[in-house]
Amino acid sequence: METISMILIIAAIVLSMVVVIKILAAPVKLVFKILINAASGFVLLIVANIISGFFDFSLPIDFINCLVSGVFGIPGVAFLIVIKLLF
């Protein structure tokens, strides 16, 4: 009987570890997704400034533009360009 209880305890520990890892993996994936989105938005903002120099157009790299491009990524930079062209 002692070996069966030991096996059940080990199985319970392994199962609980798997559940904890599954629960903690979701926020980590979300953080990586947000970081990749922010990095791609910021890089695109810089690339847009480099390319727009040839067309006498510039997007200033300030707090608001960095925030929009960081939160929304590529669509955020496209939105900033459209807003700048319209106004």
Side-chain angles (χ1 to χ4, degrees):
M1 281 295 204
E2 191 172 305
T3 58
I4 292 176
S5 64
M6 187 61 93
I7 291 173
L8 288 175
I9 290 172
I10 291 173
I13 290 172
V14 169
L15 183 65
S16 64
M17 286 176 47
V18 168
V19 168
V20 167
I21 289 172
K22 289 283 188 179
I23 290 172
L24 294 178
V28 171
K29 285 182 184 179
L30 180 65
V31 167
F32 280 129
K33 185 176 180 181
I34 290 172
L35 286 176
I36 288 173
N37 196 19
S40 66
F42 187 70
V43 167
L44 188 64
L45 184 64
I46 291 173
V47 168
N49 271 332
I50 291 171
I51 293 174
S52 66
F54 296 114
F55 302 108
D56 196 30
F57 172 79
S58 84
L59 276 173
I61 299 179
D62 58 358
F63 179 74
I64 299 296
N65 289 347
C66 287
L67 184 69
V68 169
S69 68
V71 171
F72 297 112
I74 295 170
V77 175
F79 174 73
L80 289 172
I81 291 172
V82 168
I83 292 297
K84 179 74 173 189
L85 289 174
L86 291 177
F87 298 109

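Computed from a predicted structure; not experimentally measured. Numbering starts at 1 and runs along the sequence shown.
Put simply, Leu44 and Phe63 are part of the same group of oily side chains (I, L, V, M, F, W, Y) that touch within less than 4.5 Å, one to the next. Phe42 is not connected to Ile34 by any chain of hydrophobic side-chain contacts under 4.5 Å among Ile, Leu, Val, Met, Phe, Trp and Tyr, and they are in different clusters. In the hydrophobic clustering of ILVMFWY residues, with side-chain heavy atoms under 4.5 Å counting as a link, Val68 and Ile36 come out apart. Ile61 and Val71 fall within a single hydrophobic cluster, where Ile, Leu, Val, Met, Phe, Trp and Tyr are joined by side-chain heavy atoms under 4.5 Å apart, directly or via other members. A chain of hydrophobic side-chain contacts below 4.5 Å, direct or via other Ile, Leu, Val, Met, Phe, Trp or Tyr residues, connects Leu85 to Ile50.
Remark: Phe57 CZ is packed, more than 12 non-hydrogen atoms of other residues, nucleotides or ligands lying under 6.0 Å away.
Formation of a donor-acceptor pair under 3.5 Å by the Asn65 side chain with backbone atoms of Leu80 is not found in this model. Under a 3.5 Å cut-off, the side chain of Asn49 and the backbone N or O of Ser58 do not form any donor-acceptor pair.
Minimum interatomic distance between Val28 and Leu24 (heavy atoms only, all atoms of both residues): CG2-O, 3.4 Å. Ser69 approaches Val77 most closely through the heavy-atom pair CB-CG2, 3.5 Å.
Contact of the Leu59 side chain with the Ser52 side chain is not registered, since no non-hydrogen atoms from C-beta on lie closer than 4.5 Å. Contact check for Val47 versus Ile51: side-chain heavy atoms found under the 4.5 Å cut-off. In this structure the side chain of Asn37 never reaches within 4.5 angstrom of the side chain of Phe72, judged on heavy atoms.
Rounding to the nearest 0.5 Å places CD1 of Ile13 at 11.0 Å from CG of Leu8. Atom CG of Leu45 is separated from atom CD1 of Ile74 by 12.0 Å, given to the nearest 0.5 angstrom. Taking CD1 from Ile83 and CZ from Phe79, the interatomic distance works out to 4.0 Å, rounded to the nearest 0.5 Å.
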